[in-house]
Amino acid sequence: MKVRDRYAPSPTGALHPGNARSALFNYLFAHREEGTFILRIEDTDRRRHDDGSLATIMEGLRWLGLEWDEGPERGGPHEPYFQSERLPLYQAAADRLVATGDAYRCFCTPERLEELRRSQERAHMPPGYDGRCRDLDPAVVAGRVAAGDRAVIRMRVPGGSTAVVDLVRGTSEFANATLDDQVLVKSDGYPTYHLASVVDDHEMDITHVVRGDEWLPSAPKHVLLYGMLGWEPPVFVHLPLVLGPDRAKLSKRHGAVALLEYRDLGYLPEAMVNFLALLGWSPGTGDDFMTLPQLVQAFDIEKVQVSPAVFDAAKLDHLNGQHIRALPPEEFAARVRPWVPELREELLAAAAPLVQERMTRLTEAPGLLGFLVAAPDGGRDGIVPKKHDRAATIEVLRDARAVFAGADPGPGLEPGLRDVATRHDWKFGEVMMTLRIALTGSPVTPPLLESAALLGQEEVLGRIDASVAALEGAAGGKEAS
RNA sequence: GGCCCGUUCGUCUAGUGGCCUAGGACACCGCCCUCUCAAGGCGGAGAUCAGCGGUUCGAAUCCGCUACGGGCUACCA
């Protein structure tokens, strides 16, 4: 049997890392099994519907490289892939259930249900539908329907118990009495998740339902529904929750950071995919660094974890650095490009190798490469080493200037600069730091001599002169450093 | 409250009865390298495998109970 699985988000907000992890696992599993990964949009909640989120969800998936085989913008044999466009299917299923007695119309108003819930709470009773409309006389029902009374359709949960078989967790047994007569079709005619997902998973020949753990408690309702409709249930896999640092479920309703914000924070999609894959799954080999193709190759859905995983930003940072370093130099330059828009193309290409291994996030690019765009604008904090004074610093800069004046800047100048240090009885590191700040304005830069080479002799001499001038000017009274 | 799921270093995890005096990775600390910052190399600290009781010659691994944590409990998904 060919594997077909799906990621089925509701367009009610931005994709967050927890959702992305679910999508990833579906993608990995489908690809590993040479099956089909489907994107289906569960837009059955008109109240919470958010117009922008569909685009955001698709953009997020594509950013990660998780292109779907069937779904919005791609089509497929089971179109449409929007539940709001499949209403007749759900209605037909609901009609069948009503006809067989497995479901019934309920005329209770939201107000009554609200009051019911409150009173149950007061009495410390478990909340749930009390079954008032469960056994209404068919004639009465027909009459109210004819009169235009609004109704929902509820499933008639039978007695006994229902077993849910999960590929990684094994079998869980649920007493049906704890299940509640779930609403299947709302009074606006839209199905609830429970009906819609069961109908679609069947209609779309989904073989594996891989979804978050929060669905496990409602899985028995779904199993019941498959049985009532005479369908074979798919294989279930409930993924462990992704937790925030506070150990609570990561959720868009609890202020989780949207996936695409990580892109804006300078993370590579490769790193995010790698990191997400390791939340709740492990290749078992000890390898942490993996690309999407490698993940596909190694993925084994039976090895997914059963216990929740905490989202650890530090590990994401580490993997991001690893993936940045693993990029081919030209590719790395291309990724950095948007972060330093003013930097000339040749300079970026030449400077990229210098900064590639010292970045954790792309956001660091401007700080590391800014000196190539503009000369220090006066900020020269720390140009005078702790153990030396301003006058000596000026002398050292002048002496060093002579070295730069004698040859094109580059690593070849190191011996000459060491001589400068010796002559003034400075440490070589002190000379370099003073020059670093003179040339870049920053105490943290790529290797200085290589950086100077990018600047060019004329620019280097000019910046040294400017620094000397600034130090001399400061001698007039103001603080130099 | 009820139902369900879970519990190995701070975090992600390896581990499916003897190879475990529990391995790796991140983070942390130290050393090396070194013109800064990184990267890299080497080393260290860090888990009585939630607790208790069973099963067994032998348990992180099997069973039970307890505790704790989380999820669900909508005409949301």
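The analysis underlying the following values was restricted to heavy atoms, covering all of them including side chains, and did not include hydrogens, waters or symmetry mates. Note on naming: letters A, B, ... go to the chains in the order of the sequence lines (proteins, then strands), and numbering restarts at 1 for each one.
Within the 4.0 angstrom heavy-atom criterion, base atoms lie near A/Glu450. Residue A/Phe275 is out of contact with every strand shown, counting any heavy-atom pair closer than 4.0 Å. Among the atoms of the strands shown, none is found under 4.0 Å from any heavy atom of A/Pro240. A/Gln305 comes within 4.0 angstrom of the backbone, heavy atoms only, and of no base. A/Leu279 comes within 4.0 angstrom of sugar-phosphate atoms only, judged by non-hydrogen atoms across all strands, and of no base. Among the atoms of the strands shown, only primed sugar atoms or phosphate atoms (P, OP1, OP2) are found under 4.0 Å from some heavy atom of A/Glu42. Using a 4.0 Å heavy-atom criterion, one finds that A/Gly321 contacts no nucleic acid atom at all. The residue A/Pro245 sits apart from the nucleic acid: no heavy atom pair falls under 4.0 Å. As judged by a 4.0 angstrom heavy-atom cut-off over every strand, A/Cys106 is placed among residues making no nucleic acid contact. Residue A/Leu448 is in base contact, counting any heavy-atom pair closer than 4.0 Å across all strands shown. Among the atoms of the strands shown, only primed sugar atoms or phosphate atoms (P, OP1, OP2) are found under 4.0 Å from some heavy atom of A/Thr178. Among the heavy atoms of the strands lying under 4.0 Å from A/Val183 are primed sugar atoms or P, OP1, OP2 only; no base atom is included. Residue contacts shown for A/Arg418 are limited to sugar-phosphate atoms, with no base heavy atom under 4.0 Å away.
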Go through the steps for A/Tyr226 and A/Asp201 under the test side-chain contact (heavy atoms from CB on, under 4.5 Å), then give the verdict.
CA-CA 10 Å; A/Tyr226 279 103; A/Asp201 286 338; 3.4 Å; yes
Start with the C-alpha distance between A/Glu115 and A/Arg112, add both sets of side-chain angles, then the distance that settles salt bridge (Lys or Arg N to Asp or Glu O under 4.0 Å), and finish with yes or no.
CA-CA 5 Å; A/Glu115 177 49 40; A/Arg112 183 181 107 75; over 6 Å; no
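When distances run from any side-chain atom of A/Leu278 to the nucleotides B/A38, B/C12, B/G70, the shortest one goes to B/C12. Set against B/C3, B/U11, B/U36, the side chain of A/Val310 has B/U11 as its closest nucleotide. Considering only the side chain of A/His318, B/A25 comes nearest among B/C35, B/C3, B/A25. Considering only side-chain atoms of A/Arg169, the nucleotide from B/C35, B/C75, B/C5 that sits closest is B/C5. Nearest nucleotide to the A/Pro127 side chain, out of B/C76, B/U73, B/U7: B/U73. With B/G6, B/U36, B/C35 as the choices, the nucleotide that has an atom nearest any side-chain atom of A/Met433 turns out to be B/U36. For A/Arg325, whose side chain is taken as the heavy atoms from C-beta onward, the closest listed nucleotide among B/C75, B/G40, B/G6 is B/G40. The A/Ala309 side chain lies nearest to B/C12 when the options are B/C4, B/A77, B/C12. Distances were taken from every side-chain heavy atom of A/Lys315 (C-beta onward) to each of B/C26, B/U7, B/C35; the shortest belongs to B/C26. Counting only heavy atoms from C-beta on, A/Val306 has its side chain closest to B/G6 among B/A77, B/C4, B/G6.
Taking only side-chain nitrogens and oxygens, A/Arg154 comes nearer than 4.0 Å to OP1 or OP2 of B/C75. Close to B/C72, at under 4.0 Å from its OP1 or OP2, lies a side-chain N or O of A/Lys249. At the phosphate of B/A77, OP1 or OP2 sits under 4.0 Å from a side-chain N or O atom of A/Thr44. The phosphate of B/A77 (OP1 or OP2) has a side-chain N or O of A/Lys186 nearer than 4.0 angstrom. Listed pair A/Thr285 / B/G24 fails the phosphate criterion, with no side-chain N or O lying under 4.0 Å from OP1 or OP2. Side-chain N/O atoms of A/Arg47 include none lying less than 4.0 angstrom from OP1 or OP2 on B/A74.
Here, B/C52 and B/C75 have their P atoms 45 Å apart, quoted to the whole Å. Taking atom P on both B/A25 and B/A45, the two are 15 Å apart, rounded to the nearest angstrom. Rounded to whole Å, the separation between the P atoms of B/C9 and B/C5 comes to 22 Å. A gap of 25 Å separates the P atoms of B/G41 and B/A22, to the nearest Å. One P atom belongs to B/C62, the other to B/U8, and the distance between them is 14 Å to the nearest Å. The same atom, C1', is picked in B/C35 and in B/G23; the two are 39 Å apart, to the nearest Å. Rounded to the nearest Å, the gap between the P atom of B/G6 and that of B/U61 is 15 Å. Comparing the P positions of B/U73 and B/C49 gives a spacing of 36 Å, expressed to the nearest Å.
Between A/Tyr193 and A/His222, the angle of the ring planes lies from 30° to 60°, which puts this pair in the tilted group. Ring geometry for A/Phe299 versus A/Trp281: interplanar angle of 30 to 60°, hence tilted.
Rounded to a whole Å, the CZ atom of A/Arg361 is 15 Å from the C1' atom of B/A38. If you take CD of A/Glu357 and C1' of B/U34, they are 12 Å apart, rounded to a whole angstrom. One can place NZ of A/Lys427 at 11 Å from P of B/U36, the figure rounded to the nearest angstrom. The distance between atom CE of A/Met125 and atom C1' of B/C3, rounded to the nearest whole Å, is 15 Å. A/Arg211 has its CZ atom 12 Å from the C1' atom of B/C72, to the nearest Å. In this structure, CG of A/Leu368 is placed 12 Å from C1' of B/A39, rounded to the nearest angstrom. In this structure, A/Asp213 places its CG atom 14 Å from C1' of B/C3, rounding to the nearest Å. Atom CG of A/Leu439 and atom P of B/U36 are 16 Å apart (whole Å).
Residue-to-nucleotide contacts include a donor-acceptor pair under 3.5 Å from the side chain of A/Ser187 to the base of B/C75.
A salt bridge between A/Asp181 and A/Arg134 is present, with a side-chain N of the basic residue lying under 4.0 Å from a carboxylate O of the acidic one. In this structure, A/Glu42 pairs ionically with A/Arg40, as a charged nitrogen and a carboxylate oxygen lie closer than 4.0 Å. Between A/Arg118 and A/Glu121, none of the side-chain N atoms (NZ, or NE/NH1/NH2) sits under 4.0 Å from a carboxylate O, so this pair counts as no salt bridge. Salt-bridge annotation for A/Lys315 and A/Asp288: present, with a side-chain N of the basic residue lying under 4.0 Å from a carboxylate O of the acidic one.
Of all nucleotides present, only B/A67 satisfies the Watson-Crick or G-U wobble test against B/U7, with each distance under 3.5 Å. Pair assignment for B/U36: none, as no Watson-Crick or G-U wobble contacts are both less than 3.5 Å. With a cut-off of 3.5 Å on both pairing distances, the Watson-Crick or G-U wobble partner of B/G18 is B/C57. Across all strands shown, B/C28 forms a Watson-Crick or G-U wobble pair, both distances under 3.5 Å, with B/G44.
Heavy-atom contacts from other residues, nucleotides or ligands closer than 6.0 Å to CG of A/Asp425 number 12 or fewer.
Heavy-atom distances to RNA chain B give each of A/Pro446 and A/Lys303 a nearest nucleotide, and the one nearer the 5′ end belongs to A/Lys303.
Between A/Phe311 and A/Phe275, the gap from one ring centroid to the other is short of 6.0 Å.
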